[in-house]
Structures are given as structure tokens and as C-alpha cells.
Number of protein chains: 2
Amino acid sequence: MSPRKSASQELTKEMIIKEARFQFLEKDFHQVSMRSIAKNLDCSHGALYYHFNNKAELFYAIIEDYFSTLNKLLEEVVHGPGENHEKLHDVFLRFIQFGLNHQSQYELMFMIRNTEVDSLSQEAANLSYQKFAQTVQSLTPKDLKVSNIYSAFIALHGFVAHYRKYVNRFEEAEEAAKLHVEFIIHALSTTAQL
Amino acid sequence: MSPRKSASQELTKEMIIKEARFQFLEKDFHQVSMRSIAKNLDCSHGALYYHFNNKAELFYAIIEDYFSTLNKLLEEVVHGPGENHEKLHDVFLRFIQFGLNHQSQYELMFMIRNTEVDSLSQEAANLSYQKFAQTVQSLTPKDLKVSNIYSAFIALHGFVAHYRKYVNRFEEAEEAAKLHVEFIIHALSTTAQL
DNA sequence: TGTTGTTTTGACCACTGGTCAATTAAAGCC
DNA sequence: GGCTTTAATTGACCAGTGGTCAAAACAACA
């Protein structure tokens, strides 16, 4: 009966992303549907497919931002005040904090497998890891083995992947997080130099 | 037209589990549908709901076995030959091996969140972790901090959760796994006693 | 005014988990 | 044997999903 909105209420990529991001705060990838997004934007779900080829593409657009948010977070710590040892502690803790306070985003960034989301997302994740690795090395006096930095990353990832089942916000797991970070840093700081 | 099968081809819980487990080898929880299971069993998908209240219940029935499989695996190592230090190494490696060679099972056992699968599964996971913790302590000369054992577990979990994105079988990640296990054991063996 | 291009609609597809009245086989009983 | 009860199965149905696409309606420009 009434295809096409009047100019004043035309759909934009930004509007869609905004709404998707909003719903994404409370639900995860599988729970946020194209239809629910369309509903809140007062348009048909078909219209979304004019702006994005598929759901994964839409959500990747969101995720991109989050990678740079994470990267900025790490950089902030590095260039901030304090001793290197404490900064390292902080970097680890903030990574966990990010993961637990942006669970559905973290899921898409680091947990969803190849096929489900773009391979672009994979690349972004790799870049993000490299950033992490550089950061860790730059905050450590010794030359760390690459494999040990990787292990540290994986151990952090494990914390997020595990606690997201039980906890909704970082604060609820803060004590455990500190202990875990302590554990990782201890491991790093006592491993043999390259 | 023809409700109820003749006795020879009546459905049993076991048949359903068998088929589900079979499909579960190649696909994950979200990809294996009640209908695809029913199709291969030559019955309607409605019939499955006579034997299981819902999909989660069916898959929990599968997962139960896998928890005991994992537990047995760990026990085997403990009661097997060799030095404690090597056994510990082996336990860690086997945990990873289990995770990467039974990915969809592992997902259900340790990664899917509260609401999606039964809370029964949560309990089973906790029990499994306790078993793990006991095992680790029994293979270690020192009194380990509880939090450190937990960190070790989380670090292992992180490895599985991470590599499952890139790898289909343990063998493809074996070298990396060994390095990671080395890292964890180093951390454990140099932490302060309680 | 007409024509061209862009955006939106809504019907449609094939799928999902789940429900349930109706039907039929088997089992128990006389 | 028949007669009744009970257990299992069907298939239509529901509400939902991601995705497609011809048709319609608006915008912009000639």
C-alpha cells in the first residue's frame, strides 16, 4: 500500500547501526533479529537488506568500532602515568573489563567462528591481537617469547570466555580477575628470556 | 495416515541420542535441528518431543556422557605410569585434546550460557572442574592456591575456546598446545605455596 | 510534465523449536 | 478371540528466523 518512506524519514546505514548497537547492548548476536531492528525503526525488515547484504555485514559494521575502542583503551593505559609493571597489570585487567562489559560485542569479536561472521572480522581480531602483543612487550623489561605473549592473551581470553557465563558485569568478577591477572603476570615475568 | 510405528521400528531415547550424537560430530548445537534428526530416523520431529521435552534436554543427555568421558580421561592419566610432573603435563594436554576433538560437545559443556542449556549442565561442569582441581593438586608436590588452579583451568579453557575458531583437530594445534601447557605449568610451579 | 534512478514494501521461501488433537499400534484383560 | 486402555506417532499448526525479489512509490532531474 505504501512502499517507500517520505524523504524526511529515509533509512540510513547509521540509523540501522545505531538501533542494532542499541539492541546489541542487552541481547547477543543470535537474539537480535533483523526483524526486531526493523520494527523499532518502523520499517520492513526487507529494507535493511538494501543497506546491508546480510546480518553478519551489519554486525561487522558495529564490531569495527569496538576493535578500535579496545585498541584505544590499551593505548590509553600505555601512554598514561605509572610504572610499566603496573601498566601491564592494568592492560590485562582492562582487557577483561572490556570483555565482560561488552559481552555480545566481545563474542562477535573473539568468539564467533569463521563462517558465521565475515572473514574481515578475523583480520580485525588478528590486528587487535598484534596490538596487544606489542603493548605487552613494550611494558616488559625482558624480551618475551612470542609464544608466551600468546599464552597470556589466551589466558585472558579464557577468563572472559568463562566468566561471561556467570557474570553480567566486570565488577562482579573483579576480584577473581585480579588474581588471574596476577597469575599471568607472574608467569610472564618468570619465564626465560628469548 | 499412519501414526505409530510397528514395534520393530519404535523409537527409543537411545536411538535418538545416537543419531543426535552422530550429527553432532560434524555440526554444532545450533546447526543440528530436531527435524534433521527426525529425518534420519524416519520419523516426524514431533515424535522426538515425546522422548525429550526440548532440544536442550536431548543434548544434555549427550553431554552427560562426555563429562564422564573427560573425567575418565583425566583419571586414566593419574593412575597411569610416569612421574607426577609429566602426568600433570599430560592432563593439561589431554584436556585441550578433548576440547579440540569434541568441539561441539565442548561448546555445550563449557561454553553455552545458563539460559540456553539446562542448569543441570552447569552442575556437571562444576563437578568436572572440581575433579580437575583435585587432579591438579594431587599431581603437584606443593600446596597450590585454589585461585591458581582455577587460573590454570581458565587458561586451558582459553586455549580451546580460541583455537576452535581456527582448527578442526587437536593435532593441528598440538605444538601451540604444548607451549601453552608449558606456560601454565611454569606458572603453577613457581607460584608461592599457600 | 515525463523519465530515470533510488529506496521501501510485503509477499514469499525454506528453515527453526515447540505444541497438540487425532490416530493407531501394542499390551493387558476377560 | 474380542475389548479396552495406554503408549507412541503423526502432521497440521504456531511464532519465529534470515534472506529474496517484483512491484510500488517517492525523489531528482530533464
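Predicted, not measured: the structure shown is a model, and the values here were computed from it. Chain letters run A, B, ... following the sequence lines, proteins first, then strands; residues in each count from 1.
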Quick one: Asn53(A) CG to dT20(D) P, roughly how many Å, whole number?
-> 8 Å
Lys13(B) NZ to dT9(D) P: how many Å, rounded?
-> 12 Å
To the nearest angstrom, the CG-P distance between Leu11(B) and dA26(C) comes to 15 Å
When only distance counts, do a donor and an acceptor, one from the side chain of His45(B) and one from the base of dG18(C), lie under 3.5 Å apart?
-> yes
In whole angstrom, give the distance that lies between atom OH of Tyr49(B) and atom P of dA21(C).
-> 17 Å
Over-ring placement of Lys87(B) relative to Phe92(B), 6.0 Å and 45° cut-offs | no
Report the relative orientation of the aromatic rings in His180(B) and Phe183(B); use parallel for angles under 30°, tilted for 30 to 60°, perpendicular for over 60°.
-> parallel
For Tyr50(A) and dT8(C), is the shortest distance between a side-chain N/O and OP1 or OP2 below 4.0 Å?
-> no
Any chance you could lay out the ring-ring contact (aromatic ring centres under 6.0 Å, His included) test for Phe59(B) and Phe24(B), step after step, and finish with the verdict?
-> CA-CA 9 Å; Phe59(B) 279 84; Phe24(B) 208 35; 4.9 Å; yes
Take atom CZ of Phe52(A) and atom P of dT20(D), then tell me their distance rounded to the nearest Å.
-> 15 Å
Identify, with sequence neighbours excluded, every residue that meets salt bridge (charged side-chain N to carboxylate O under 4.0 Å, His left out) alongside Glu19(B).
-> none
Taken to the nearest whole Å, NZ/Lys27(B) to C1'/dC15(C) is 13 Å
Rounded to whole angstroms, how far apart are NE2 on His51(A) and P on dT6(C)?
-> 13 Å
Roughly how many Å is it from CD in Glu10(B) to P in dT10(D), rounded to a whole number?
-> 10 Å
Is there any protein nitrogen or oxygen under 3.5 Å from a nitrogen or oxygen in nucleotides 14-17 of chain D, and what are the pairs?
from, atom 1, to, atom 2, distance (Å)
dT17(D), OP1, Ser33(A), OG, 2.7

How are the rings of Tyr66(A) and Phe98(A) set relative to one another: parallel (under 30°), tilted (30 to 60°) or perpendicular (over 60°)?
-> tilted
Salt bridge (charged side-chain N to carboxylate O under 4.0 Å, His left out) filter on Arg35(B), not counting sequence neighbours, yields none
